[in-house]
Amino acid sequence: MRTNLPIDATRLWDDLMALAEITDPDRPWTRRAFSTVFLEGRAYVARRMREAGLTVRLDTAGNMIGRREGRFPGHKAIVLGSHTDTVPDGGRFDGTAGVMAGIAVARSLHRDGVVLDHPLEVIDCLAEEVSIFGLSCIGSRAIAGQLSTEQLRRQAPDSHEILHDAINRMGGDAADVGAARRDDIAAYLELHIEQGPVLQDEGRDIGIVTAISGITRLEIVIEGQADHAGTTPMHLRRDALVAAAAAVTVIRKDAQRRAAAGHGHFVATVGEFRVEPNAGNVVPSRVTLLVDARAEERSFMEGFVAELPPLIERAISGSGAEITSFRAISDNRPALSDPLLLEVLEQSTEKFGFAARRMASGAGHDMAWFSRVAPSAMIFIPSRDGRSHTPEEWTEPGEVAAGAAVLHQAVLYLDKLLA
């Protein structure tokens, strides 16, 4: 690990590992948004924010914000952020590395008595991962003014709690969620693990992210008819699960065709199934599946969404089942990084002699929503073997420290460049 960096690399690593230990005990490393253990993790992060000289508050959308005032109160804030929630059985770095690196930057400035012209904020955005409400980036959507009344009414399938009430339970005020929208951010920077193998394979220290692919999530409901599994002849069945399996195959084939067409990054995944009545001796009557599609080019995504229903209808014809609902539950357009911020990040990597490359992100991040209200950009640090959303997710201590050092230097540069 480099020893000439401006941040306390050992403290950063210790804080990151300590946060990881706040997990569902039987499912490391799991700290899902809206859970009790998530709140425990946030309490830990709040303590670290305060120790770094930040004043901590929650906005009405449940985002946790640590703020350090600048020399000129009228200046817009420079913001560092990411998230501390995880997917089930997730890793120790996805999202959390960005939040803890932001705190490390604030700690260094506090330690050295550096007074910036601009306020500095570190934000832990609520529920960046797909939540129990089938929605991701809840906090950063609100910061962009894009969390709708319909979305606030979404219901968790098990508890039947609605998102509006869950935000209140996290300390927000969903009745006034519009107040979370920001127009006072001078620049937003996010550090994240790459979640891919490119930096590792090329021996690079830092990825400078030029764009984030758009993400569209589709909810498809296929309905058949419930019947006794032991007495209903095969030729009389209207099995919704059989039809849904055919739909998954069609979605995969169409995604493979589009990925090979040379229009940038494109993927589509069916990662969530709900089968009803979900009983071993009953022919399934209804299946709800969630499609996660990602495209670097917007027109390509629009073509996929428009052409998918007739493809599925042809695939399930003859099954007796039918599509009863096909809707987009979220639709995030591709987000481009700000050109000035990209230049600043490149200069910051050069300051320390780090090897960097520009690259697009296939994964979604809070930065995509911040880019709607402020100049935004992000950096990647390496992921071992490209593994992510798994307990085996790993990034070396020196790699985390390198990314935090780049953020630190970028903040210093931006403080003098921005009005």
Side-chain angles (χ1 to χ4, degrees), residues 31-43 45-46 49 54-67 76-87 95-96 98-99 102-103 119-156 159 161-190 192 212 215 217 329-333 335 364-374 376 378:
R31 192 173 49 255
R32 298 207 72 188
F34 305 107
S35 67
T36 300
V37 73
F38 173 71
L39 288 174
E40 292 174 7
R42 275 204 151 177
V45 173
M49 284 183 170
L54 301 172
T55 301
V56 181
R57 70 179 179 91
L58 292 172
D59 70 10
T60 58
N63 295 303
M64 189 165 72
I65 302 171
R67 183 177 172 95
K76 293 183 176 182
I78 298 172
V79 176
L80 309 176
S82 196
H83 62 98
T84 59
D85 63 310
T86 76
V87 298
T96 59
V99 174
I103 294 173
L120 176 73
E121 291 186 356
V122 180
I123 301 183
D124 173 16
C125 297
L126 179 65
E128 190 270 354
E129 304 290 2
V130 179
S131 66
I132 55 175
F133 301 96
L135 194 66
S136 64
C137 296
I138 290 170
S140 52
R141 285 174 193 269
I143 285 172
Q146 298 294 317
L147 189 61
S148 69
T149 300
E150 179 184 2
Q151 289 168 333
L152 287 170
R153 291 174 180 156
R154 289 187 63 82
Q155 191 175 78
S159 67
E161 182 182 38
I162 63 171
L163 176 57
H164 177 284
D165 295 342
I167 288 174
N168 291 343
R169 187 163 51 80
M170 293 297 102
D173 180 7
D176 192 27
V177 74
R181 188 186 187 281
R182 300 289 295 270
D183 60 5
D184 61 340
I185 297 175
Y188 173 80
L189 297 175
E190 181 170 354
H192 206 280
I212 296 177
I215 306 175
R217 292 194 172 98
I329 61 172
S330 64
D331 185 26
N332 308 349
R333 292 174 176 269
H365 300 283
D366 289 307
M367 174 251 159
W369 293 97
F370 276 89
S371 71
R372 300 190 178 202
V373 294
S376 301
M378 67 187 302

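The residues of the chain are indexed from 1 along the displayed sequence.
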Give me the atom names and distance for the closest heavy-atom approach of [X] to [Y].
X      : Y      : value
Gly364 : Ile215 : CA-CD1, 3.3 Å
Arg42  : Thr84  : CG-OG1, 4.3 Å
Ala142 : Val177 : CB-CG2, 4.1 Å
Asp59  : Ala180 : OD2-CB, 3.8 Å
Ala33  : Phe38  : CA-CG, 3.9 Å
Ile123 : Ile143 : CD1-CD1, 4.4 Å

Subject >> Among Met378, Glu190, Glu128, side chain to side chain contact (heavy atoms under 4.5 Å, CB included) partner for Ser82 >> reply: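 Of Met378, Glu190, Glu128, side chain to side chain contact (heavy atoms under 4.5 Å, CB included) with Ser82 is met by Glu190 alone.
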[atom2] on [Y] to [atom1] on [X], rounded to 0.5 Å:
X      : Y      : atom1 : atom2 : value
Gln155 : Ile132 : CD    : CD1   : 10.5 Å
Asp124 : Met49  : CG    : CE    : 6.0 Å
Leu126 : Met170 : CG    : CE    : 7.5 Å
Asp85  : Arg32  : CG    : CZ    : 8.5 Å

**OP:** Output all residues satisfying ring pair (Phe, Tyr, Trp, His ring centres under 6.0 Å) with Phe34, sequence neighbours left out; order by chain, then residue number.
**Re:**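 Residues passing ring pair (Phe, Tyr, Trp, His ring centres under 6.0 Å) with Phe34: Phe133.
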Subject >> Contact list for residues 162-171, test side-chain hydrogen bond (donor to acceptor under 3.5 Å, both in side chains), sequence neighbours left out >> reply: Glu161-Arg169
Original post:
How would you list all residue pairs meeting side-chain hydrogen bond (donor to acceptor under 3.5 Å, both in side chains) that involve residues 135-144, not counting sequence neighbours?
Top reply: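 Passing the test, one end in residues 135-144: Ser136-Arg217, Ser140-Asp366.
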Do [X] and [Y] come close enough that some side-chain heavy atom pair is under 4.5 Å?
X      : Y      : result
Leu152 : Ile167 : yes
Phe370 : Cys125 : yes
Met64  : Leu58  : yes
Glu129 : His83  : yes

Subject >> Partners meeting side-chain hydrogen bond (donor to acceptor under 3.5 Å, both in side chains) with Ser376 (sequence neighbours left out) >> reply: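 Scan of Ser376 (side-chain hydrogen bond (donor to acceptor under 3.5 Å, both in side chains), adjacent residues dropped) gives none.
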Original post:
Does Ser371 have any side-chain hydrogen bond (donor to acceptor under 3.5 Å, both in side chains) partners at least two apart in sequence or in another chain, and if so, which?
Top reply: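 Once residues adjacent in sequence are excluded, Ser371 has no partner under the side-chain hydrogen bond (donor to acceptor under 3.5 Å, both in side chains) criterion.
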Original post:
Going by the salt bridge (charged side-chain N to carboxylate O under 4.0 Å, His left out) test, which pairs reach into residues 176-185, not counting sequence neighbours?
Top reply: Glu121-Arg182, Arg182-Asp184
Original post:
Sub-3.5 Å donor-acceptor pair from the side chain of Tyr188 to the main-chain atoms of Ala374, do we have one?
Top reply: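 Judged by distance alone, no pair lies under 3.5 Å.
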Subject >> Residue pair Leu147, Leu135: steps toward the side-chain contact (heavy atoms from CB on, under 4.5 Å) verdict >> reply: CA-CA 10 Å; Leu147 189 61; Leu135 194 66; 4.0 Å; yes
